[in-house]
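Worksheet for the structure shown next.
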Amino acid sequence: MAFRLFDLNDPQRTAVTTTEGPLLILAGAGTGKTRVITARAAYLIHNGTPPEAILAVTFTNKAAKEMRERLATMIEPLRAKKVTMSTFHALCVRILRSDAERLGYKNNFAIYDEGDQMGLIKKLITRLSARDEKLDPNLAKNLISKAKNDGHSAPAEEKNLISAVFAGYQRELKTLNAMDFDDLLLQTVKLLSEHPEALEKWRKRFTHLMIDEFQDTNRLQLELIAFLARRHDGSRPNICVVGDDDQSIYGWRGAEVSNILEFEHHFPNPVVVKLEQNYRSTTAILNTANSIIKHNPRRRPKSLWSDKEGGEKVRIVQMPDDRQEAQWVAEDIHQRHVVSCEPWESFAVLFRMNAQSRLIEENLRRMQVPYRLIGGRSFFDRREIRDVLAYASTLVNPHDDVCLLRIINSPARGIGEKVVERALEHSIHQKTSLFTALSDPSFTDQLTDRSRRAIGDFFSLIDRYETSVSQPFSNPATELTALLNEIDFFPDLHRGCKTPEEGLSRETNVRDILADLDRFRQRSSEGLRGFLDEMALDRDREQDEEKEQGSGVTLITLHAAKGLEFPHVYLVGLEEGIIPHERSRMEGNVDEERRLLYVGITRAMKTLNITWCRGRMKWGSAAPCNPSTFIKDFAPENIEHVDLFKLQNTPVTEQAAKASFADMFSAIEKL
DNA sequence: CCCGCTGTGATTTTT
DNA sequence: TCACAGCGGG
């Protein structure tokens with residue numbers, strides 16, 4: 001055998017070797033899920049399934065990448081490469097790039113990220129609202145997203161502001177030849193349901209489907225899968241889904257736990273495999289996790305077990321306030337690092353909201369502890385990055401108004417606000433893009449010579465680079481750099497900064513992304529369009545140097561931590577209103593918060609510290625806090641309650657002191 | 001046309 | 001506390 005089935009436990013082996021018909025793998029946290037998926041792909045190929053007929057879908061690019069890399073170690077890398085392993089969104093882009101014309105889009109459609117989306121929504125709200133009407137753009141965005149994920153591509157009727165905004169938003173996206181994240185799914189499903197030829201093509205292509213994190217799929221995603229899985233000849237679909245209903249934490253984004261809870265309903269008579277042996281955590285940690293999750297109704301019954309007996313008890317530490325919490329976490333990590341020689345990478349601090357990371361960061365920095373903050377405010381939200389990407393995007397598709405508006409007068413080139421405003425009106429009137437409107441003589445004739453010349457110059461700039469970028473062997477990175485130099489982008493960037501350091505850091509950001517583009521060209525043939533797709537869909541770029549060397553303590557939200565594991569975990573802010581979050585209590589989603597906590601706990605391998613504060617700074621002033629209601633659900637035998645005040649004031653026993661010194665000496669001797 | 005200031009309002013999670 | 005938007009001045 002090219003790979004080793006005997007490394008798998010019994011249920012894992014069943015999962016891997018069940019290759020035909022629907023298969024539901026209920027994989028608890030830390031039960032070797034990724035291993036099973038990749039082993040199954042390898043097994044399929046080994047038994048004659050062509051690699052290109054296998055489709056494995058995940059939610060994050062990181063997971064897709066990890067699976068690709070692992071598979072490449074199990075079978076010949078050349079064959080592994082042929083397996084399609086991608087996210088839902090990337091898969092949709094691939095399908096739509098080849099077939100979007102059937103839906104009336106051009107296949108060079110733009111992908112709108114959240115920023116673009118918000119820009120458009122805000123614009124529509126101001127355009128459509130009456131004098132005293134107000135609508136929170138963020139709320140509007142969420143409502144529209146929810147509607148789309150339920151399969152609605154337009155409101156039933158346009159009677160109120162929100163539905164008018166929704167309708168206008170969809171219309172405008174279509175005329176801009178753009179899709180947002182939800183459209184990628186929605187339009188793909190539309191394509192497959194309305195165009196049998198397209199459906200047949202993709203159905204034939206993929207004969208074996210695997211879906212990871214199935215508990216996070218929403219309605220559209222299930223529909224998409226069902227379309228691809230259903231066999232033309234009526235035979236049973238070869239669909240394998242892997243998931244854990246206890247780790248369903250994306251309900252707020254439209255995920256339907258029912259997809260996994262009622263899998264049999266969608267794909268009758270599946271083989272059901274449960275993976276219950278956890279290879280990650282000690283029993284103390286695992287039992288704590290189990291004691292929490294068992295309070296949830298509506299679960300697939302399962303019980304995780306581990307043979308890592310005992311281990312340190314889970315500590316629940318009570319803190320006076322959030323400052324001391326952060327300080328204690330930093331100190332405890334530091335101490336453990338020094339005493340037990342644990343590398344910084346073994347530690348993670350988990351929190352509910354990104355805002356909580358700030359204090360932790362400060363304290364780690366103060367103690368010179370290296371750390372990396374995952375997520376948070378994105379690289380791509382930076383002005384300079386968005387500007388450069390908007391230039392790139394305009395070269396690919398100048399009819400994308402949002403991008404064009406962004407760059408048309410930045411750096412300033414004499415196309416003022418008033419001219420742009422009139423051009424927009426003209427474009428709405430003529431039902432054309434802004435780009436077309438700006439070149440329409442019936443519009444430009446009304447302008448002053450100066451404005452007309454400015455527009456003419458800008459057009460010739462775009463035109464020249466558009467041409468050179470579309471040459472077969474062009475180097476987009478070089479071209480884009482030349483364009484930026486021609487418009488004095490960098491001097492202008494520096495001019496807009498308060499300090500030289502800021503200017504330098506912004507310039508570095510831009511240089512980084514240009515380097516990324518160059519690297520992309522070397523590994524892909526998808527051109528500038530492909531690069532922009534990747535930028536839109538794969539937002540977490542890793543700094544290569546950091547990846548090689550140790551990168552430090554991980555600071556991460558509970559959501560983003562799913563799928564990861566760390567020897568030592570600190571779970572902070574376990575207070576009522578934070579976990580469970582106030583909002584979920586109001587909306588009646590406390591079960592999901594419990595699952596979120598469950599996910600957090602099950603990240604820990606060896607030790608777990610949970611902290612809560614009696615008070616916390618909120619909007620600049622101190623507010624009292626209560627411990628989370630979840631705390632009372634912890635099974636008492638595995639936990640140890642600690643009060644920071646007592647901890648600091650307990651006299652050190654001789655024995656403990658000796659043990660601690662012995663640890664230190666042995667640590668020093670190792671050096 | 002650009003910059004800085006002031007006041008206001010907001011904090012869930014993200015492909 | 002902080003971030004951002006809108007306004008007023010240079």
Side-chain angles (χ1 to χ4, degrees), chain A residues 57-64 86-93 111-115 117-118 122 126 134 136-139 141-142 145 148-149 179-186 212-213 216-218 220-221 247-255 322-323 350-359 362 374-378 380-381 383 409-420 492 495-498 533-540 556-562 573 577-587 589 592-593 595-597 599-600 616-623:
Chain A
V57 188
T58 64
F59 269 82
T60 64
N61 294 289
K62 208 165 57 191
S86 88
T87 64
F88 273 101
H89 296 269
L91 173 69
C92 289
V93 169
I111 299 170
Y112 269 29
D113 68 16
E114 210 163 312
Q117 229 182 110
M118 284 296 267
K122 278 180 190 163
T126 41
K134 267 195 199 132
D136 174 11
N138 216 22
L139 177 70
K141 188 200 72 191
N142 288 337
S145 174
K148 286 199 194 182
N149 281 306
M179 299 195 201
D180 65 17
F181 285 129
D182 303 316
D183 279 329
L184 294 176
L185 295 169
L186 188 64
D212 191 16
E213 307 282 14
D216 291 335
T217 51
N218 64 29
L220 277 179
Q221 285 156 341
Q247 293 187 71
S248 160
I249 55 176
Y250 285 104
W252 53 274
R253 206 163 83 185
D322 50 346
R323 280 182 55 180
L350 273 49
F351 36 81
R352 180 64 228 263
M353 304 174 283
N354 281 122
Q356 288 172 267
S357 72
R358 183 168 245 128
L359 274 177
E362 277 171 21
I374 309 286
R377 291 190 32 260
S378 169
F380 294 91
D381 295 336
R383 205 177 56 233
N409 201 34
S410 143
R413 56 171 66 86
I415 307 178
E417 217 169 288
K418 257 168 60 191
V419 173
V420 173
D492 187 70
R495 219 160 35 77
C497 295
K498 284 183 184 145
D533 283 354
E534 193 170 288
M535 289 296 113
L537 296 174
D538 188 3
R539 312 193 93 222
D540 37 51
I556 194 169
T557 63
L558 287 164
H559 280 89
K562 192 172 67 161
I578 296 186
I579 315 174
H581 193 271
E582 205 169 350
R583 196 126 159 193
S584 9
R585 289 187 65 221
M586 292 191 302
E587 289 165 12
N589 298 326
E592 184 155 308
E593 297 288 303
R595 291 193 290 263
L596 196 53
L597 175 58
V599 167
R616 180 175 288 275
M617 291 298 271
K618 209 178 176 185
W619 298 342
S621 55

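Only this structure's heavy atoms are used, side chains among them; waters, hydrogens and symmetry mates stay out. Nothing here was measured: the structure is a model prediction, and the numbers come from that model. Labels below follow one simple rule: chain letters A, B, ... track the order of the sequence lines, proteins then strands, and each chain is numbered from 1.
- Side-chain contact between A:R323 and A:M617 is absent, with no heavy-atom pair separated by less than 4.5 Å.
- Nearest nucleotide to the A:T60 side chain, out of B:dT14, B:dT15, B:dC1: B:dT15.
- Atom CZ of A:R253 is separated from atom P of B:dT13 by 12 Å (rounded to the nearest Å).
- Across B:dT14, B:dT15, C:dA3, the shortest atom-to-atom separation from the side chain of A:W252 is found for B:dT14.
- A:K62 has its NZ atom 9 Å from the P atom of B:dT15, to the nearest Å.
- A:N138 places its CG atom 12 Å from the P atom of C:dA5, with the value rounded to the nearest Å.
- Nucleotides B:dT13 and C:dC4 place their P atoms 15 Å apart, quoted to the nearest Å.
- Residue contacts shown for A:R358 are limited to sugar-phosphate atoms, with no base heavy atom under 4.0 Å away.
- Stacking of A:Y250 onto the six-membered ring of B:dT14 is not present when judged by under 5.5 angstrom between centres and under 30° between planes.
- Distances shown here put every side-chain N or O of A:N589 at or beyond 4.0 Å from the OP1 or OP2 atom of B:dT13.
- A:N409 has its CG atom 7 Å from the P atom of B:dC2, to the nearest Å.
- Here B:dT14 is the nucleotide among B:dT15, B:dC1, B:dT14 with the atom lying nearest to any side-chain atom of A:A560.
- With sequence neighbours left out, the side-chain contact (heavy atoms from CB on, under 4.5 Å) criterion links A:T557 to A:F351, A:N354, A:H559, A:A560.
- Residue A:M118 contributes atom CE, which lies 14 Å from atom C1' of B:dT14 at whole-angstrom precision.
- Between A:D180 atom CG and B:dT14 atom P the separation is 18 Å, expressed in whole Å.
- When the side-chain nitrogen and oxygen atoms of A:S584 are compared with OP1 and OP2 of B:dT13, none of them lie within a distance under 4.0 Å.
- Rounded to a whole Å, the CG atom of A:N218 is 13 Å from the C1' atom of B:dT14.
- Nearest to the side-chain atoms of A:M353 among the listed nucleotides B:dC1, B:dT13, B:dT15 stands B:dT13.
- The two residues A:L184 and A:C92 have their closest heavy-atom pair at O-CB, 3.4 Å.
- Comparing A:K618 and A:I415 along DNA chain B, the residue whose closest nucleotide (by nearest heavy atom) sits nearer the 5' end is A:I415.
- The side chain of A:N354 places an N or O atom within less than 4.0 Å of a non-bridging phosphate oxygen (OP1 or OP2) of B:dT13.
- A donor-acceptor distance shorter than 3.5 angstrom exists from the side chain of A:N409 to the backbone of A:I415, with no hydrogens or angles considered.
- To the nearest angstrom, P of C:dT1 lies 18 Å from CD of A:Q356.
- Map A:R413 and A:H559 each onto its nearest nucleotide of DNA chain B; the residue landing nearer the 5' end is A:R413.
- Using a distance-only test at 3.5 Å, with no hydrogens or angles considered, no donor-acceptor pair links the side chain of A:Q247 to the main chain of A:V599.
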